[in-house]
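When a ligand or atom number is given, it counts from 1 through the structure's own listing order. If you're wondering where the values come from, they're calculated on a predicted model, not measured in any experiment.
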Amino acid sequence: MGSCKIEFVFDQCYNSFVSLFTDVETVSTCDHLSAERSLALLKQVFGYTSFRAQQADIVAQVLAGKDAVVVMPTGGGKSLCYQLPALQLEGTCIVVSPLISLMQDQVMALRQLGVAARYWNSVLRMEDVKELVGELKAGQLDLLYLAPERLMMEGFDELLQQCRISLIAIDEAHCISEWGHEFRGDYRHLYRLKQQLPKVPIIALTATATPRVVKDIYDQLQIEDAAFFQSSFDRENLFYEIRAKANTFQQILHFIQDRSGQAGIIYAQSRKQVMAISEKLQQKGILALPYHAGLSVQEREANQEAFIHDRVAVIVATIAFGMGINKPDVRFVIHHDLPKTIENYYQETGRAGRDGEASHCLLFFSYGDTHKYLGFIEQMDDATERKHAQHKLQQMSRFVSQPLCRRKQLLQYFEEVYPKVNCQRCDICVNPPKMRDVTLESQKILSCIYRVKQRFGAQMIVDVLKGKSSPKITQYGLDTLSVYGIEESASIAQLRDMIQYLTFIEAVKVVGTEYPVLALGSEAKQILKGEKTVTMPVFQGPKQLDKRVTSSKGTGVGFASGSARELYGRLRSLRTRLAKEKGVPPYIIFHDRSLKEMAVEQPQDLQALLMISGVGETKAQRYGQLFLAAIRE
Ligand code: ADP
Ligand code: ZN
């Protein structure tokens, strides 16, 4: 009887229930009940058997009617933290989301799970809005997704007062902060929510939050008492690799050819590069499409859609691409050029492997990129902004140049300590670079820079050291200098690498942007005098690394037998066909992980199929027989 009553009250209005009864025992019984219920719903609706780290605590917090700020990396499982409570609480959960495509994707996925979810944005027709408002007022919606500006529209306040709102979720909450990388002015009005609906819990979620951004989220939303949940920033399933920029296109081509059938994003700095890379890939028979702000809206949407629906494997894009996409099975992210900040790098690589399966992040680096950006930064008017940008870029260059575990460095940037010595999922840990003493070569380079009176760029320094002849060398009499032709053993490429490294350790300075010349940096004197040695990491070729990487185990389900692999291929084709019929992306039907598990476990009936991760009751009903038939075959 007692538990019945508790459940009844719980169903009616959990919030007031908690405040009415302060008896610890009663509350904990209820906690227990709600925890059990959450777990049951997790399986029934989402098809998952357990919560990921912190999800259970966050869900419990929200169910108890309290505010929460959640910082969790991409792919960590933020959505579940409000979707699950939304299913349990009476009324509608309002989800504030910055982009139409994000909302549509989430709603599409929820509806496939049988959840009453809708979005409200500018693309809706009048009659759809009417229907939506009707459902909202009647309390038929579990979740309603909207853009922040919708909340400020005339009449919306009154509408809110007429409905029962169970929870407010602010997705991509870093958009509220100017310190974040995606500031959205509209997010600044969200503080009004707490004033309008003081009893409704707010949950703010983000993947990138430096302490400053977190503070802004608290201040702006006026939720001082919100509990703070921070998960590790570590994306365990991502492999980080950095290679020198040389023959970059060939390297990219081989990388992709080794991964046929996998989806990936290539980020490049300029529109021109984006076009060039995608065209070259197409010529090599790779299904690739470009994406940048210079394309028409229709073309951009069409290309994005082709990628999401797996009609092309690769999208080549400027950083304009990606925020609005939820594609969980992006298997690799390639940076053709250096990202300007570590946040950007983390965010962009974060688009790989949201589904938790092993994925690869490859960045091509040259000091030339750093220098080029410094040139842009120098032209910034605002001195504070300029300094900020320089600092961020410096941190980024240090990240790529230091021979230290990439993961450790990334986490350190987010003020997190990575406890392991070897992460086993980065190029440095898998294939540690050798440290080489290059003091002698460095002295030659530095004295050459000095002898040519700091008037020439890297190319000329290398030419002089190698004793090349050219009209310019003769014209300036550089062939008469003592440093002319003194470097015999190091190759031109090696000398260039060394110059770049010397720039990195500030022994060399690059001056000017249009015709950059090399000058001596603050560390030069000590090196020239022999008071300081120079050791430089020498990275081994990518070939060698690839072997180690492919033999290193991913976090996904592997295939022990060829028949499982074959079945997986067939299940994928079935998924593609169904997705096409329904006009939804394949991952909305089932994730790769679910198909892999099906291929390995080979469930024979619905009961067994429900044991597969990602198979909830609605999906089992909708697609179960089709997939079972394919497995039996
Ligand atoms: P985020 O919004 O944090 O980037 P999502 O909410 O999109 O992450 O979740 C990432 C992926 O992890 C999704 O495919 C989701 O279905 C899956 N996921 C979330 N929670 C769980 C869980 N408890 N068990 C298994 N998979 C989960
Ligand atoms: Zn590592």
Taking 4.0 angstrom as the limit and counting only heavy atoms of [X], give me the atoms of ligand 1 inside it, by number and element.
| X | answer |
| --- | --- |
| S50 | 22 (C), 23 (N), 24 (N) |
| T74 | 4 (O) |
| F51 | 23 (N) |
| P73 | 3 (O) |

Is the distance between the ring centroids of Y413 and Y346 less than 6.0 Å?
no
Between [X] and [Y], is there a side-chain N and carboxylate O pair less than 4.0 Å apart?
| X | Y | result |
| --- | --- | --- |
| D592 | R575 | yes |
| K596 | D355 | no |
| D186 | R188 | no |
| D171 | K78 | no |
| E597 | R593 | no |

Hey, is [X] touching ligand 1 through its side chain, its backbone, both or neither, going by heavy atoms under 4.0 Å?
| X | result |
| --- | --- |
| S613 | neither |
| S79 | both |
| Y48 | side chain |

Between the side chains of Q83 and Q106, does any donor sit under 3.5 Å from an acceptor?
yes
Pair R351, Y267: side-chain N/O donor-acceptor within cut-off below 3.5 Å
yes
Hey, what's the angle at the Zn ion (ligand 2) spanning SG (C426) and SG (C423), nearest 10 degrees?
110°
Test of geometry: compute the angle SG(C429)-the Zn ion (ligand 2)-SG(C405) and round it to 10°.
100°
Is it true that a side-chain atom of Q88 and a backbone atom of L63 form a donor plus acceptor pair closer than 3.5 Å?
no
Determine whether a donor-acceptor pair (N or O, by modelled atom type, separation under 3.5 Å) exists between the side chain of Q262 and the backbone of V330.
no
Would you say ligand 1 has an N or O under 3.5 Å from any N or O of [X]?
| X | value |
| --- | --- |
| G77 | yes |
| L42 | no |
| K78 | yes |

Taking only non-hydrogen atoms of P328, do any sit less than 4.0 angstrom from ligand 1?
no
Mind checking whether G356 has a heavy atom under 4.0 Å from ligand 1?
no
Tell me: protein heavy atom nearest [atom], and distance?
| atom | value |
| --- | --- |
| atom 11 (C) of ligand 1 | R354 O, 3.4 Å |
| atom 20 (N) of ligand 1 | Q55 NE2, 3.0 Å |
| atom 13 (C) of ligand 1 | H591 CE1, 4.0 Å |

Using side chain to side chain contact (heavy atoms under 4.5 Å, CB included) as the criterion, point out the one residue from K408, Q409, R407 that pairs with L411.
R407
Out of R351, M72, R52, whose heavy atom sits nearest atom 12 (O) of ligand 1?
R52
